[in-house]
Each structure stands twice: as C-alpha cells, then as structure tokens.
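Contents: one structure, followed by commentary.
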Amino acid sequence: MSINAPSPLIRRRWRRFRAHRRGYISLWIFTVLLGLSLGAELLANDKPLLVHYQGALYFPLLHSYPETTFGGEFVTEADYKDPYILDKLQKSPNWVIFPPIPYSFNSIDSQLHHPAPAPPDRHHRFGTDDRARDILARLIYGFRLSVLFALTLTVIGTLTGILAGAIQGYFGGWTDLLLQRFIEIWGSMPELYLLIIFASLFNPSISILIVLLSMFGWMSLADYVRAEFLRARTMAYVKAARALGASDRAIMFRHLLPNALTPVITFLPFRISGTILALTSLDFLGLGVPPSTPSLGELLQQGKANMEAWWISLSTFVVLVGMMLLLNFIGEALRDAMDPRKES
C-alpha cells in the first residue's frame, strides 16, 4: 500500500518553516526537552535504575522489593538511600546504578548540611525547597506536567473550537445567531471566580482543572474557524460539492476545514504557552494542582515565601522564560510559514 506524498503546498510551507532558523532550532530544542522530561523517572529518582545483588538483577523502577531482599530486617519497601541498605548494595561483588539525579520530585533529604531551603551544593545543584526536596528534580517533573497539561487542554479546546466554529460558519442564520449569543454570555462568566468556587467544593486535581479550563478555552478559536467557514461556504467548489450530493459533514470537514486550519495551526504554540502560564498562575494562587504535585507555580510561591532562597525563584523563572521563548519562536515560524501572502 503506497503512502501519499505531502502536497506541494505542505512542502513549500515546511521549507519556509525550516528557513526560519530561530523557530526551527527552537522546535528541536523544545522537542528534546520534552522527550527528556517524559523520561523524568530515568533522570531524577530516589530508586536505582538497576541493582546487582548476590548474582541477581533487580529493577526497582519497575517493581517494589522489600528490604529483606537486600539483607534488611523489614518487609516494607526498601529505602535505597538508607546507609545500611546502601552499604549492602555497594559491597563487592554487588553494585547499584542510580539515575543522574538521585532524588525524585517528592524525595525529602534528611541529611542536609544546611537548614531547608538549602543553597546549591554538589548534592543538590539547584538547591532544595523549604521541605528539603531537590529543586532540579521538581523542575524536570514540573516541566513535564506543564507541557502535558497544556497539550491536553489545547487539544480539547482546539477540537471544541473547530466544531463550534464550523457549525456556526457553515449553517449560518439562526444557528449562527444563537450560538454566537451563547458564546457571548458564556464568555462573560467570571472564570477566576468560578475556579475559586469549584476549588472550595472539590479537592484540587488535574482532571477537574482540565474540565474547568476546557469549558472556556475554545471560544477564541471558534471565532477564527467561524470566519473562515462564512467566507468559504459560498465559493464555487462548495456549491459544486453540494450539487453533486455531498453531505453537509463531508463538505464541512473534507472541503472547508482544510482551508480553515491556517489560523488554527498558527495559534497553537501561543495557546500552549498561554495555558502553561494559566496553570502556573493558578498554582501560584493555590487554585491549581494538589500541593504535593510538582508544579512551577508552587515553586514560584515558595520563592515568594522564602525571599532569601534566591535559587528557587531564579531557577523557576529561567525555566518559565525559556519555555515561553521557545514556544513564541515556534509560533513566529509557523505564522511566517502559513502566511498566504507568501504562497506565490
């Protein structure tokens, strides 16, 4: 079975995107950082990657082993940072391999040489927070959470916005009028107040936050899709498809939608960056994810509460600014690549 090659238009747009060096390099950097964060458990974890003990191999990341497996006295899960267990694992011919950062996002270091929050040292290169947790590990996990949350919310908002805008623009008339009035009323709802109310009614969780934010994140995109459908629905190729007996769904999603995707694709990086900032702001205000969840907003809140611990605010600020710059550069490159004025 043959695979259809990309159309000449897609190839031209891809060449223009690659010619935008800043955006193209930013895409690669962001992709590499996201790939590394997806394997955060392999980079930052208080459990070993591999243990060789008495001739047998163990994988603590995949299975939980009681302390008695490694010569301990308790049947509870082994604490691999316990000096007693660690000495047994490192005594020849046994050996153990830890991740590059031997701390997870919730690991509490009880052997700090300074009171928490502790400044950067050779054990914690970015220092610790006020609960003796490694900042670098929390940044890695927080980066992953922010990006995956933003991607999920962007996908939901994009699909909802495309569907609502397509129905409005294609059918027009009373359908467009009623949906437009609904969007105006729904868009005037105080989103922050609703989040505060729901935060007091329910236990904070990522799923509830996604549901609440997805209820409002689709309206701006629906306006662009609606405008494109209103412009294109009276064109000759749409009339011809309707005369040949094509269904409304086929006309909407096979003929009209591909031509309306330009603004959708162009705004995707900016929507992702906006969602990351929204999550960070909500976490900073205490309205986002649960307190134990690694979050960039929670780190900023800790930096505000511990002004003398400059490493908390500085490292989190650098990560946030870097994410926003990369996404904005990617968005600029997409905007130039999709610009219809450069098609000729």
Problem set entry | Salt-bridge present (R133, E298; N to O < 4.0 Å) |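 Result for this pair is yes, salt bridge flagged.
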Problem set entry | Charged N-O contact under 4.0 Å between R16 and D336 |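 Between D336 and R16 there is no salt bridge, as every charged N stays at least 4.0 Å from the carboxylate O atoms.
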Any donor-acceptor pair under 3.5 Å from [X] side chain to [Y] backbone:
{"X": "N306", "Y": "E308", "result": "no"}
{"X": "T158", "Y": "V155", "result": "no"}
{"X": "N259", "Y": "H255", "result": "yes"}
{"X": "Q90", "Y": "W95", "result": "no"}

For this session: Flag this pair as yes if the NZ/CZ of K81 is under 6.0 angstrom from the six-membered ring centre of F98 and inside a 45 degree cone about the axis; otherwise no.
Result: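 Positive - K81 is close enough to the ring of F98 and near enough to its axis.
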Exercise. Does R233 make a cation-pi contact with Y170 (under 6.0 Å, within 45 degrees of the axis)?
Worked result: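 No - R233 does not lie over the ring of Y170 by the 6.0 Å and 45° rule.
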For this session: Calculate, to the nearest 0.5 Å, the distance between atoms CD1 and CG belonging to I330 and L268 respectively.
Result: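 Going from the CD1 atom of I330 to the CG atom of L268 covers 11.0 Å.
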For this session: Check side chain to side chain contact (heavy atoms under 4.5 Å, CB included) between N45 and all other residues, then give those that pass, not counting sequence neighbours.
Result: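 With sequence neighbours excluded, N45 shows a side chain to side chain contact (heavy atoms under 4.5 Å, CB included) to E41, K47, L61, P99, S104, Y141, given in chain and number order.
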Extract all donor-acceptor atom pairs below 3.5 Å that involve side chains of residues 311-319 and protein atoms in other chains or at least two apart in sequence.
residue, atom, partner, partner atom, Å
W311, NE1, A118, O, 3.2
W311, NE1, T128, O, 3.1
S315, OG, W311, O, 2.7
S315, OG, I312, O, 3.2
T316, OG1, I312, O, 2.8

Exercise. With ring centroids as reference points, do Y103 and H124 lie under 6.0 angstrom apart?
Worked result: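 Yes; H124 has its ring centre under 6.0 Å from that of Y103.
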Problem set entry | Atom of A164, atom of W218 and distance for their closest heavy-atom approach |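 The answer is CB-CZ3, 3.8 Å.
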